[in-house]
J.: 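Here it is: the structure, laid out below.
Computation of the quantities below employed the complete heavy-atom set of this structure, encompassing side-chain atoms and omitting hydrogens, waters and symmetry-equivalent molecules. Counting from 1, the numbers follow the sequence of the chain as shown.
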Amino acid sequence: MLKRIDHIQLAAPEGGEEKARKFFGDILGMEEMDKPESLRKNGGVWFSLGVQQLHIGIEEPFTPARKAHPAFEVDDLQEAVDTLEDRGVTVKKDDRLPGAERCYIQDPFGNRIELLEWVD
């Protein structure tokens with residue numbers, strides 16, 4: 001029945017598009033993609049990471065996702081942590097998942113994001 005995950009959506013408050021571009025585009029390195037013309041009036045911004053997509057949608061009233069979250073696999077978690085901290089992002093390490101090194105960060109809107117590296 002299900003084929004694959006097409007995209008993940010996180011919410012942002014009205015007017016959050018530029019903050020989203022800076023964080024997801026400039027800091028995390030995702031590529032912004034064009035939204036279909038019929039959806040542009042709703043605000044928000046879309047990004048791609050390979051064949052996966054992350055959509056930032058505008059929601060009012062806005063409440064950040066503090067527990068629910070996307071998780072992104074990285075090649076080198078320590079390098080990612082160092083880069084993020086150099087760019088002013090607060091990183092919270094977590095060692096509770098067997099076989100993985102991982103951490104959590106928050107986007108500029110307070111949404112939780114997991115980064116992990118699977119280890120031998």
J.: What do you reckon, is NZ of K92 surrounded by more than 12 foreign heavy atoms closer than 6.0 Å?
T.: no
J.: Using every non-hydrogen atom in the two residues, find where K93 and C103 come nearest and quote the distance to one decimal.
T.: CA-CB, 4.0 Å
J.: Looking at E14, I'd like to know if its CD atom is crowded, meaning that more than 12 non-hydrogen atoms belonging to other residues, nucleotides or ligands lie closer than 6.0 Å.
T.: no
J.: Can you sort out the partners of F62 under ring pair (Phe, Tyr, Trp, His ring centres under 6.0 Å), two or more places apart, ordered by chain and number?
T.: none
J.: In terms of hydrophobic clusters joined by side-chain contacts under 4.5 Å, are M33 and I5 together?
T.: no
J.: In the structure I gave you, are the side-chain heavy atoms of I105 and F72 within less than 4.5 Å of one another anywhere?
T.: no
J.: For Q9 and G57, which heavy atoms make the closest approach, and how far apart are they?
T.: NE2-CA, 3.8 Å
J.: Checking L49 against L54 for the side-chain contact (heavy atoms from CB on, under 4.5 Å) test, could you report, in this order, the C-alpha distance in whole Å, the side-chain angles of both residues, the deciding distance, and whether it holds?
T.: CA-CA 8 Å; L49 181 64; L54 176 70; over 6 Å; no
J.: Treating Ile, Leu, Val, Met, Phe, Trp and Tyr as nodes and any side-chain heavy-atom pair under 4.5 angstrom as an edge, say whether L39 and I58 lie in one connected cluster.
T.: no
J.: Which residue pairs satisfy the ring pair (Phe, Tyr, Trp, His ring centres under 6.0 Å) criterion with at least one member in residues 97-120, sequence neighbours excluded?
T.: H69-Y104
J.: Is any side-chain N of the basic residue among R21 and E32 closer than 4.0 Å to the acidic one's carboxylate O?
T.: yes
J.: Is the backbone of A65 close enough, under 3.5 Å, to the side chain of N111 for a donor and an acceptor to pair up by distance?
T.: yes
J.: Drop me the distance from E59's CD to N42's CG, to the nearest 0.5 angstrom.
T.: 12.5 Å
J.: Using a 3.5 Å distance criterion without hydrogens, assess whether the side chain of R102 forms a donor-acceptor pair with backbone atoms of E117.
T.: no
J.: To the nearest 0.5 Å, tell me how far R87 CZ sits from L28 CG.
T.: 8.5 Å
J.: Applying side-chain contact (heavy atoms from CB on, under 4.5 Å), run through L116 and L77 and close with a yes or a no.
T.: CA-CA 6 Å; L116 76 155; L77 184 65; 6.0 Å; no
J.: Before accepting this row, confirm whether a basic side-chain N of the pair R4/D6 lies closer than 4.0 Å to the acidic partner's carboxylate O.
T.: yes
J.: Give every residue pair that meets the ring pair (Phe, Tyr, Trp, His ring centres under 6.0 Å) criterion with at least one member in residues 34-54, sequence neighbours excluded.
T.: F24-F47, W46-H55
J.: Atom CD1 of I56 and atom CD1 of I8: how far apart are they, to the nearest 0.5 Å?
T.: 10.0 Å
J.: Here's a test for you: under side-chain contact (heavy atoms from CB on, under 4.5 Å), which of L84, T83, V81 qualifies with V89?
T.: L84
J.: What's the verdict on side-chain contact (heavy atoms from CB on, under 4.5 Å) for K67 and R112, showing C-alpha distance, side-chain angles and the deciding distance?
T.: CA-CA 7 Å; K67 182 71 173 177; R112 184 182 196 187; 3.5 Å; yes
J.: Return the minimal non-hydrogen interatomic distance between G44 and K35, and the atom names on each side.
T.: O-CD, 3.9 Å
